[in-house]
Amino acid sequence: MDVKEQLRLIPEASGSYQFFDKTNTIIYVGKAKNLKKRVSSYFNKKHTSVKLSVMVPQIEKIEFIITNSEVEALILESHLIKKYKPKYNVLLKDDKKFPYFLITKEDYPRIFVTRKANKNPVEGKYFGPYTNAKSMYTTLDLLKKLFPLKQCKTAKFKDRPCIYYQIGRCMAPCQKLISSEEYKKLIKNVELFLSGKQMQLVEELKSMMEKYSKNQEYEKAAKYRDSYFDVLKTIEKQKVVYENTNINQDIISVSSDELFGGISLLQIRDGRLINKKDFEISKSDYDSEEEIVSYFIKEYYQLSGEFDIPSEIIFSAKISQEDKLIFEKWLTAKKGSKVLINSGKSKKNDDILELALKNSNYHLQEMKVKSLQEIQNNYNETGAYIQEKLSLRNFPHRVECFDISHIQGTNTVASMVSFYNGMPKKSEYKKYKIKTVEAGKPDDFKSMQEVVTRRYSKLIKENLPLPDLIVIDGGKGQLSSAVSILKELGLEHQDIVSLAKRIEEIFIPNNPQPVIFPSNSQALFFFQRIRDEAHRFAITFHRHLREKEAVISELDNIKGLFQKNKKLLIEKYYSVSKISKLTKEELVLLLSKGQAQLIYDYFNKEKKKNE
């Protein structure tokens, strides 16, 4: 039965759906309030995300499971994703590498770090995921110092405790030197610590210390006293966010551009900021930050135990009211107590969201720098892949990219940026004022033809080397315009491609079908990077021209101002706003007293009236 036949059989009911490829492997799991409408939508429209454009053609079979409600569908979806780990459901990059703390389910549990929470999990309680392994192992060392837990899986000796007991790092449960009840109290304290409930832990430790002291069990009292003061020291290092120590929140911020998405999660427990986690995503797979947030909630919290779920989750991005209610019901059931979800800034969470956004913005910048370094370090491999994939004649050592910029046809400009071995060479950037297009009548094709003519006729005339590859920002129309000019210049064998923004399609001459690079490939990032740099350079030049025109226009209104002084002001300040704020003293340093007074009086008319 083909996919069209299967679509007819899907009911209008809530549930979870699964997509299979030709090898009968689940490649995607979703949930829907109306299965028929949701699943049909994948096949009834043109997709703008790379992920869906690549995934949908691979769907060979559809299965579904009907549920009583959308909340049940979400729980089922979460279970199936956790079980099958479908290729197109993975949001968090390298999520298999994220470590977790595991407290084993034994008579005398151990705690250790594991990276296999998703595959054949050991029975017990998981805490995480943690994105900073170094910090995690530091925490593990602290836990072993605070709480003398069982260190070994099996006893080292039959009739005596090992060295861990002698140095106070274990209570020797293997030799029955601590009761199961007493040991479980230790485990409870560890869980409180990992859950961020340090204030509750402090009270617990203090209570135990006083109890053993009262019973004259001074050795045990001393152990609890040491733990008590060590936890207090840890708390002192944590930033106080709220005076109210009952507040437990996860603050989640998304920062993204057209290439990357960075997520930062701030954990607030007992009113204190106890941890920050950063996650990296491929932005090209998702249409909006709202979609990123939706996927993140499901993927991050599906492995979280009740201890890791706070009473409130706040997002920087907006989510729909429908999703908000579903997620609240799901997480409330998972936690066993009420969980609230809020999105966007409000008076209550403005400051903490601002802090989260600073973190995610910084993380985004880190990702960009890291990717640029990877391109530079691996350009031989990336360039060879680009050459093979696009059937280029030459290895793309030197690449030039063009972009056109205008606002409603005014001040049409073009930019050209040059990259060598994957890195920008700004000394060779060029900017052009378009001369052949009439003001108010934008024509991107004609503008592109002009700039390509000017650039390469000059290189031919001066006998300068041509680039290995030309990249045009635009679709097939822009590419055809540029190719026609190259033929006229006798450069019909010059390698040239265009990059369409919709789903990052790369077009090559004489081929109606685009080339689509994998969304996480360094090759795609390189093309996006060079396109965005050309766009930035063009926009900057366009803004520069508009500002200059605004200054000229404003200075023309000042009667008696000499032309040479207008030019001087434009070259030095380049902004009406900056010139208008100059004091008489600052103006006199540049112009004569009379000319300075003219400018000062013009920009301070209102001030003068009030005086």
Side-chain angles (χ1 to χ4, degrees), residues 1-67 73-98 116-121 261 280-287 291-292 294-296 298-300 302-303 385 388-389 502-506 512-525:
M1 190 186 301
D2 65 18
V3 171
K4 285 185 179 177
E5 290 294 323
Q6 292 173 53
L7 287 173
R8 291 195 187 101
L9 299 175
I10 296 174
E12 292 191 0
S14 62
S16 172
Y17 55 91
Q18 304 89 48
F19 293 151
F20 294 75
D21 64 10
K22 61 184 177 184
T23 65
N24 206 34
T25 300
I26 294 179
I27 58 173
Y28 187 76
V29 173
K31 59 104 177 119
K33 190 175 182 180
N34 186 315
L35 283 167
K36 193 173 193 70
K37 283 184 181 178
R38 181 72 187 102
V39 176
S40 297
S41 71
Y42 286 95
F43 304 91
N44 295 340
K45 64 180 181 180
K46 226 175 182 182
H47 300 292
T48 55
S49 79
V50 175
K51 182 181 83 174
L52 293 182
S53 300
V54 174
M55 181 188 80
V56 173
Q58 295 181 46
I59 300 170
E60 295 289 329
K61 187 175 80 172
I62 303 166
E63 289 187 358
F64 57 87
I65 302 169
I66 298 171
T67 60
L74 174 63
I75 294 167
L76 176 60
E77 177 199 35
S78 176
H79 170 74
L80 293 173
I81 290 171
K82 180 178 174 182
K83 183 177 179 180
Y84 294 108
K85 294 296 289 177
K87 180 179 178 181
Y88 294 103
N89 279 103
V90 177
L91 169 73
L92 306 179
K93 191 173 180 181
D94 296 332
D95 68 314
K96 291 176 187 174
K97 296 181 183 177
F98 291 148
K116 296 181 179 179
N118 296 325
K119 190 178 180 182
N120 303 321
E280 179 180 336
I281 60 171
S282 174
K283 178 63 168 55
S284 57
D285 286 349
Y286 301 92
D287 290 333
E291 189 182 5
I292 291 171
S294 179
Y295 273 89
F296 181 81
K298 289 184 282 187
E299 192 160 339
Y300 178 76
Q302 70 178 340
L303 272 172
Y385 177 67
E388 180 186 355
K389 189 87 171 170
R502 190 177 67 84
I503 57 169
E504 311 295 22
E505 301 163 310
I506 296 174
Q513 295 303 315
V515 175
I516 297 178
F517 285 101
S519 63
N520 59 348
S521 71
Q522 286 296 314
L524 178 61
F525 173 68

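- Proximity of a side-chain donor or acceptor of Lys36 to a complementary backbone N or O of Arg8 within less than 3.5 Å is detected.
- A salt bridge between Glu12 and Lys37 is absent, with no side-chain N of the basic residue lying under 4.0 Å from a carboxylate O of the acidic one.
- Atom NZ of residue Lys61 and atom CG of residue Asp2 lie 14.0 Å apart, to the nearest 0.5 angstrom.
- Counting heavy atoms from C-beta outward, Pro518 and Leu524 have side chains that stay 4.5 Å or more apart.
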Step-by-step side chain to side chain contact (heavy atoms under 4.5 Å, CB included) determination, Phe525 to Phe517 = CA-CA 9 Å; Phe525 173 68; Phe517 285 101; over 6 Å; no
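- Interatomic distance, NZ of Lys298 versus CD1 of Ile75, reported as 13.0 Å (0.5 Å rounding).
- Considering NZ of Lys87 and OG1 of Thr25, their distance stands at 10.5 Å, rounded to 0.5 Å.
- Heavy-atom contacts from other residues, nucleotides or ligands closer than 6.0 Å to CD of Glu5 number more than 12.
- Remark: Arg38 CZ to Ser16 OG distance equals 12.0 Å, nearest 0.5 Å.
- Within the 4.5 Å cutoff, side-chain heavy atoms of Thr67 are placed close to those of Ser14.
- Residues Tyr42 and Met55 have side chains in contact (heavy-atom distance under 4.5 Å, counting atoms from C-beta outward).
- Atom CG of residue Leu35 and atom OG of residue Ser40 lie 10.0 Å apart, to the nearest 0.5 angstrom.
- You'll find the side chain of Ile516 stays beyond 4.5 Å of the side chain of Ile506, heavy atoms only.
- With ring centers used as reference points, Tyr28 lies 6.0 Å or more from Phe20.
- A donor-acceptor contact under 3.5 angstrom links the side chains of Tyr88 and Gln58, judged on distance only.
- Taking CD of Gln6 as the start and CD1 of Ile59 as the end, the distance is 10.0 Å to the nearest 0.5 Å.
- Ring geometry for Tyr17 against Phe19 counts as tilted: the plane angle lies between 30° and 60°, on a 0 to 90° scale.
- Side-chain atoms of Ile10 and Phe64, non-hydrogen and from C-beta on, do get closer than 4.5 Å to each other.
- Inter-residue side-chain proximity for Ile65 and Gln18 is flagged as met; some heavy-atom pair is nearer than 4.5 Å.
- In terms of heavy-atom proximity, Ala73 sits nearest to Gly15 at CB-O, 3.4 Å.
- The two atoms that bring Pro86 and Val29 nearest to each other are CG-CG2, 3.7 Å, heavy atoms only.
- Put simply, the side chain of Lys31 does not reach to within 4.5 Å of the side chain of Leu76, judged on heavy atoms.
- Side-chain atoms of Leu80 and Glu77, non-hydrogen and from C-beta on, never get closer than 4.5 Å to each other.
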